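Computed from a predicted structure; not experimentally measured. Counting from 1, the numbers follow the sequence of the chain as shown.
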Amino acid sequence: MKKLISIFLIIAIAVTLVSCMGQVITPNEPYDMNDGIEKNEYKEIAFTVASYNIKGGDATIDSIKEANQNIIDVGADIAGLQEVDNFSKRSGKKDFLGIFKESVMNNVSYSPLMLQGFGDTYGIASISKTPFSRTHAFKLPYPYKYEKSNVEKRIISRSLVTIDGVQIAFYNTHLAYEEVTMSDGRSLRAAQMQFILGLLESDPCPYKIVTGDFNVLNFQEFDIITYDGRYKTVNNSQNKFDTYRGHDVDFFAIDNIIYSASLQLQDCAMNDSDCSDHNMLFATFKNVNPNA
C-alpha cells in the first residue's frame, strides 16, 4: 500500500512539475521562404505602414475601435499589431479582430503565442487593405527547454502582401522584456534580434518591413540588424519617438519599424492617443529599384 501511495505521489509531483514548466520548446519547422515570391518588373509606389501595441488585457471594444480609427486616419496600407486579445477570458471573450475585419483594413492575419493560460487567445496580428498571399509564424529564441510562466514565448510573423503591384515581405513581432540570458551568454533580446536578421537575410523578397514592440533599453540594441546599412530604423537617436506611455521603464522609444535599404523613408510620425499604453508609430515609404 505504501509503495502504491509512493508511486501516486511521484506521478503527482511529475505532473505538477510539467504543469509549472509548461510545454517543451520545440524548434521551428523548415519553411520555404521562396514560396509565394513574385518576380515582378520594377514599379515605383508609396505606401504607409503602422506599428501599434494595442494593450492586451486592458483592451475594450471602445479602445480597439479607436485604435482601428487611428490606423485608418493616417492612411495606413498595412499595420502590425502587438498584444492582441481575441476571445480571451481576461477581455470578456470579445471578438476584437472582428472590428478590423469590418473596416477598410479587413485583411487580418492572426498569430497566437500559445502561452500558458492563454492558448490561442493572445498574440500578434497583421492587418492590411489588400489580401495576404502567404503568412507564417516563426518561434523566436527562448532561454529554457520548457516554457516558464515568468518568461513569455515570443514569435515573429511574416506575410507577403502586394500593394499596387509591388510585393512586400511584412514582418511583425513583440520581443522579450525580461532581462535573461541564453545558454551562450547572449541576452534573450539579442538572440531574438539575431534571429530576425537571419530571416531577413534569407528572404528573397527585395522589399522588407519589420514592425514591432521591441522592448529595447536603448537604440544600440538594433545595431545587430542595422550595423552595415542594409536595414534601417524609423525610430532612432536622430529621430526619436517615445511611443510608450507608461512610467515603469527608463526608455520609452521601444516601438519601431525596421526597413530594408531598398525602401526610402518619406515621412514618419507618432499618433498620440490614450486608447492604449503605447502610441502608434507610422511611416510612409517609397520603393527603389533593387537592380539599379
Side-chain angles (χ1 to χ4, degrees), residues 17-29 31 51-57 80-84 111-120 122-125 136-158 171-203 208-228 231 233 235-237 242-244 246 248-258 277-278 281:
L17 287 174
V18 171
S19 177
C20 291
M21 288 188 294
Q23 298 295 316
V24 175
I25 303 300
T26 56
N28 285 297
E29 295 289 335
Y31 183 75
S51 184
Y52 213 163
N53 182 319
I54 59 176
K55 198 178 183 181
L81 309 178
Q82 303 87 42
E83 292 195 20
V84 180
S111 300
L113 298 181
M114 303 304 296
L115 294 174
Q116 287 189 73
F118 288 94
D120 62 357
Y122 177 69
I124 57 177
H136 186 77
F138 300 88
K139 302 172 187 176
L140 290 175
Y142 193 77
Y144 307 115
K145 181 178 179 180
Y146 294 91
E147 178 188 2
K148 293 189 177 183
S149 60
N150 63 328
V151 179
E152 290 187 27
K153 292 187 296 186
R154 304 287 179 169
I155 60 175
I156 182 169
S157 64
R158 173 193 183 249
Y171 292 82
N172 182 36
T173 193
H174 188 180
L175 299 194
Y177 68 85
E178 300 91 353
E179 295 303 313
V180 296
T181 57
M182 303 292 291
S183 59
D184 59 7
R186 290 181 299 167
S187 75
L188 176 54
R189 263 196 315 281
Q192 292 173 346
M193 289 278 195
Q194 191 68 49
F195 183 89
I196 292 171
L197 176 61
L199 284 180
L200 294 174
E201 290 182 331
S202 67
D203 197 325
K208 306 163 195 177
I209 293 278
V210 187
T211 59
D213 174 353
F214 293 89
N215 276 315
V216 294
L217 300 180
N218 52 63
F219 287 125
Q220 285 68 44
E221 291 194 49
F222 288 105
D223 290 350
I224 293 171
I225 295 176
T226 63
Y227 73 99
D228 64 355
Y231 302 99
T233 57
N235 198 357
N236 53 59
S237 57
D242 284 329
T243 52
Y244 183 53
D248 56 335
V249 296
D250 295 324
F251 191 75
F252 301 99
I254 62 178
D255 301 281
N256 219 324
I257 300 171
I258 301 169
D277 57 348
H278 289 246
L281 181 68

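The shortest distance between side-chain heavy atoms of Leu197 and Tyr227 falls below 4.5 Å. By the 4.5 Å heavy-atom criterion applied to side chains, Ile254 and His278 are counted as neighbours. Residues Leu113 and Lys153 have side chains not in contact (no heavy-atom distance under 4.5 Å, counting atoms from C-beta outward). With a 4.5 Å cut-off on side-chain heavy atoms, Gln82 and Asn172 count as touching. Counting heavy atoms from C-beta on, the side chains of Met193 and Leu175 come closer than 4.5 Å. Between Arg189 and Glu178 the shortest side-chain heavy-atom distance does not fall below 4.5 Å. Proximity of Glu152 to His174: side-chain heavy atoms (C-beta onward) are nowhere separated by under 4.5 Å. A heavy-atom distance below 4.5 Å is not found between the side chains of Tyr171 and Ile196.
Using a 30° and 60° split on the angle between ring planes, Tyr31 and Phe138 fall in the perpendicular class, above 60°.
Between the side chain of Glu83 and the main chain of Ile54, no donor-acceptor pair closer than 3.5 Å is present. The backbone N or O of Ala137 sits nowhere less than 3.5 Å from a side-chain atom of Ser157 that would complete a donor-acceptor pair. Side chain of Tyr122 to backbone of Gly57: no donor-acceptor contact under 3.5 angstrom is found. Side-chain atoms of Ser111 never come within 3.5 Å of backbone atoms of Ala125 as a donor-acceptor pair (strictly under, hydrogens ignored).
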- Query: Where do Lys139 and Phe195 land on the side-chain contact (heavy atoms from CB on, under 4.5 Å) test, with the steps shown first?
  - Reply: CA-CA 10 Å; Lys139 302 172 187 176; Phe195 183 89; over 6 Å; no
- Query: Run the side-chain contact (heavy atoms from CB on, under 4.5 Å) check on Leu188 and Val151 step by step: do they pass?
  - Reply: CA-CA 10 Å; Leu188 176 54; Val151 179; 4.1 Å; yes
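Pairing each heavy atom of Ala253 with each of Asp242, the nearest pair is N-OD1, 3.6 Å. The heavy-atom pair separating Ile155 from Leu140 by the smallest distance is O-CD1, 3.7 Å. Across Ile257 and Ser51, no two heavy atoms sit closer than the pair CG1-CB, 4.1 Å. For the residue pair Leu281 and Asn256, the shortest heavy atom distance occurs at CD2-CA, 3.6 Å. A pairwise comparison of heavy atoms in Gln192 and Pro141 identifies NE2-O, 3.3 Å as the closest pair. Phe252 and Gly246 make their closest contact through CE2-O, 3.0 Å (heavy atoms, listed as atom of the first residue, atom of the second, distance).
Here the CZ atom belonging to Arg186 is positioned 11.0 Å from the OG1 atom belonging to Thr181, to the nearest 0.5 angstrom. Rounded to the nearest 0.5 angstrom, Thr243 OG1 and Asp213 CG are separated by 7.0 Å. Annotation: the span from Glu201 atom CD to Ile225 atom CD1 amounts to 10.0 Å, rounded to 0.5 Å. The structure places CD1 of Ile224 at 6.5 Å from OG of Ser187, a figure rounded to the nearest 0.5 Å. Distance check, rounded to the nearest 0.5 Å: CZ of Arg158 to CD1 of Ile209 gives 14.0 Å.
Partner Phe222 forms a side chain to side chain contact (heavy atoms under 4.5 Å, CB included) with one of Thr233, Asn236, Asn235 and no other, that one being Thr233.
The neighbour count for Gln220 CD, taken as heavy atoms of other residues, nucleotides or ligands under 6.0 Å away, is above 12. Within a 6.0 Å radius of CG in Asp250, no more than 12 heavy atoms belonging to other residues, nucleotides or ligands are found.
When ring centroids are compared, Tyr244 and Phe251 stay outside the 6.0 Å threshold.
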